[in-house]
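Source: prediction; values computed, not measured. Every heavy atom of this structure was used, including side-chain atoms; hydrogens, water molecules and symmetry mates were not.
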Amino acid sequence: MIASLPEKTGKSLEEWQALIAAKGLGKHGEVMAFLKGEHGLSHGFANQIALRRVVSVHVAPGAEGVDAVLASRPEIRPLYDLVAAKISEFGECEFSPKKAYVSVRRNKQFAILQPGAGRLDVGINLPGVAPAGRLEASGSFNAMLSHRVRVTSAAEVDADLVALLRQAYDRA
């Protein structure tokens with residue numbers, strides 16, 4: 001549904017989120033009313049956009065910390081928000097901003113989100129899983145994680161990446 005937003009509504013998820021942010025909306029009901037009332041979106045599309053917006057706002061307590069991590073790479077924010085929203089759908093977890101990345105923990109750290117030049121590096125802790133395809137060994141990227149996936153577009157936040165993150169979440 002999110003992939004078809006531009007075709008069906010004329011705007012991408014990031015564009016809808018920017019409109020919502022510009023209005024200062026944060027509550028699910030407010031976002032729904034805005035999207036359905038002022039923009040004529042169907043309940044389904046409005047709900048999907050609102051869920052992702054509310055999750056994005058919710059997972060960034062201490063947003064100033066996330067903002068500081070992303071300050072030198074503001075173009076990465078939509079990718080960060082999208083990956084954080086997908087992870088948040090798994091259940092309870094903590095997003096903890098550090099100096100150069102955001103640590104993602106359940107009982108223990110299972111992922112990190114780190115801005116890079118033109119990409120978001122998604123570090124994943126999956127010891128015992130062989131690197132393959134986009135899932136590369138972490139190498140010198142971060143010794144506390146076993147793998148990394150480099151994400152350069154929203155299309156790369158696909159079912160495969162979400163499944164890897166879910167596997168790491170379930171192990172944490």
Side-chain angles (χ1 to χ4, degrees), residues 2 12-18 20-22 24-28 31 48-129 131 133-172:
I2 293 301
S12 68
L13 178 61
E14 292 79 15
E15 291 170 313
W16 285 115
Q17 288 180 341
I20 293 164
L25 304 174
K27 293 184 179 180
H28 185 83
V31 173
Q48 288 300 311
I49 294 166
L51 283 172
R52 280 156 177 80
R53 180 63 190 148
V54 170
V55 167
S56 177
V57 169
H58 174 70
V59 299
E64 63 282 349
V66 172
D67 290 342
V69 170
L70 298 170
S72 66
R73 308 240 188 247
E75 72 281 5
I76 300 303
R77 185 60 184 244
L79 291 176
Y80 170 87
D81 286 344
L82 181 58
V83 173
K86 295 288 185 184
I87 291 170
S88 294
E89 291 173 3
F90 302 155
E92 291 211 22
C93 57
E94 173 189 354
F95 291 75
S96 178
K98 307 299 182 195
K99 184 176 179 181
Y101 63 89
V102 176
S103 172
V104 188
R105 301 177 49 86
R106 188 176 183 195
N107 295 321
K108 62 181 182 176
Q109 178 175 274
F110 66 90
I112 68 167
L113 306 176
Q114 180 172 328
R119 70 178 186 274
L120 178 68
D121 286 324
V122 179
I124 306 172
N125 197 23
L126 287 173
V129 173
R134 294 182 349 190
L135 183 66
E136 59 188 69
S138 66
S140 63
F141 167 66
N142 188 308
M144 294 174 53
L145 300 160
S146 59
H147 298 83
R148 167 174 60 179
V149 175
R150 300 170 197 237
V151 177
T152 60
S153 71
E156 292 176 339
V157 183
D158 57 11
D160 293 337
L161 177 59
V162 172
L164 291 167
L165 287 163
R166 180 62 197 227
Q167 187 179 1
Y169 172 86
D170 289 343
R171 290 181 177 191

Original post:
What distance do L145 atom CG and N125 atom CG have between them, rounded to the nearest 0.5 Å?
Top reply: 5.5 Å
**OP:** Mind running side-chain contact (heavy atoms from CB on, under 4.5 Å) on L164 and D160 for me, showing each step along the way?
**Re:** CA-CA 6 Å; L164 291 167; D160 293 337; 5.6 Å; no
**OP:** Check N107 against R105 and note the closest heavy-atom contact, atom names and distance.
**Re:** O-NH2, 3.5 Å
**OP:** Please examine the side chains of V83 and L165, heavy atoms only from C-beta on, and report whether any two atoms are closer than 4.5 Å.
**Re:** yes
Can I get a per-line list of side-chain donor-acceptor pairs under 3.5 Å for residues 108-123, giving both atom names and the distance, sequence neighbours left out?
from : atom 1 : to   : atom 2 : distance (Å)
Q109 : OE1    : S103 : OG     : 2.6
R119 : NE     : D121 : OD1    : 2.7
R119 : NE     : D121 : OD2    : 3.3
R119 : NH2    : D121 : OD2    : 3.3

Original post:
Is it true that E94 and R106 have a side-chain N and a carboxylate O under 4.0 angstrom from each other?
Top reply: no
Original post:
Under a 4.5 Å cut-off applied to non-hydrogen side-chain atoms, are C93 and I87 in contact?
Top reply: yes
Original post:
Do Y169 and V104 touch side chain to side chain, with heavy atoms closer than 4.5 Å?
Top reply: no
Subject >> Criterion side-chain contact (heavy atoms from CB on, under 4.5 Å) on V149 and E136, from CA distance to verdict >> reply: CA-CA 6 Å; V149 175; E136 59 188 69; over 6 Å; no
**OP:** Report yes if the side chains of Y80 and V102 come closer than 4.5 Å at any heavy-atom pair, otherwise no.
**Re:** yes
Original post:
Would you call E75 and R77 a side-chain contact if the rule is heavy atoms closer than 4.5 Å?
Top reply: no
Subject >> From CD1 (I124) to OG (S138), nearest 0.5 Å >> reply: 10.5 Å
Original post:
Does the side chain of R171 come within less than 4.5 Å of L126's, by heavy atoms?
Top reply: yes
**OP:** Apply side-chain contact (heavy atoms from CB on, under 4.5 Å) to E15 and Q17, showing your working.
**Re:** CA-CA 5 Å; E15 291 170 313; Q17 288 180 341; over 6 Å; no
**OP:** Test S88 against K86 for side-chain hydrogen bond (donor to acceptor under 3.5 Å, both in side chains), laying out the working first.
**Re:** CA-CA 5 Å; S88 294; K86 295 288 185 184; over 6 Å; no
Original post:
Which value, rounded to the nearest 0.5 Å, describes the distance between E14 atom CD and D81 atom CG?
Top reply: 9.0 Å
Subject >> Flag side-chain contact, heavy atom, 4.5 Å: L161 against E156 >> reply: no
**OP:** Kindly give the heavy-atom pair with the smallest separation between P74 and P78, and that separation in Å.
**Re:** O-CD, 4.1 Å
Original post:
Can you tell if the side chain of Q48 reaches within under 4.5 Å of the side chain of I2, non-hydrogen atoms only?
Top reply: yes
**OP:** Considering non-hydrogen atoms only, spot the tightest contact between S146 and P127 and give its length.
**Re:** OG-N, 3.5 Å
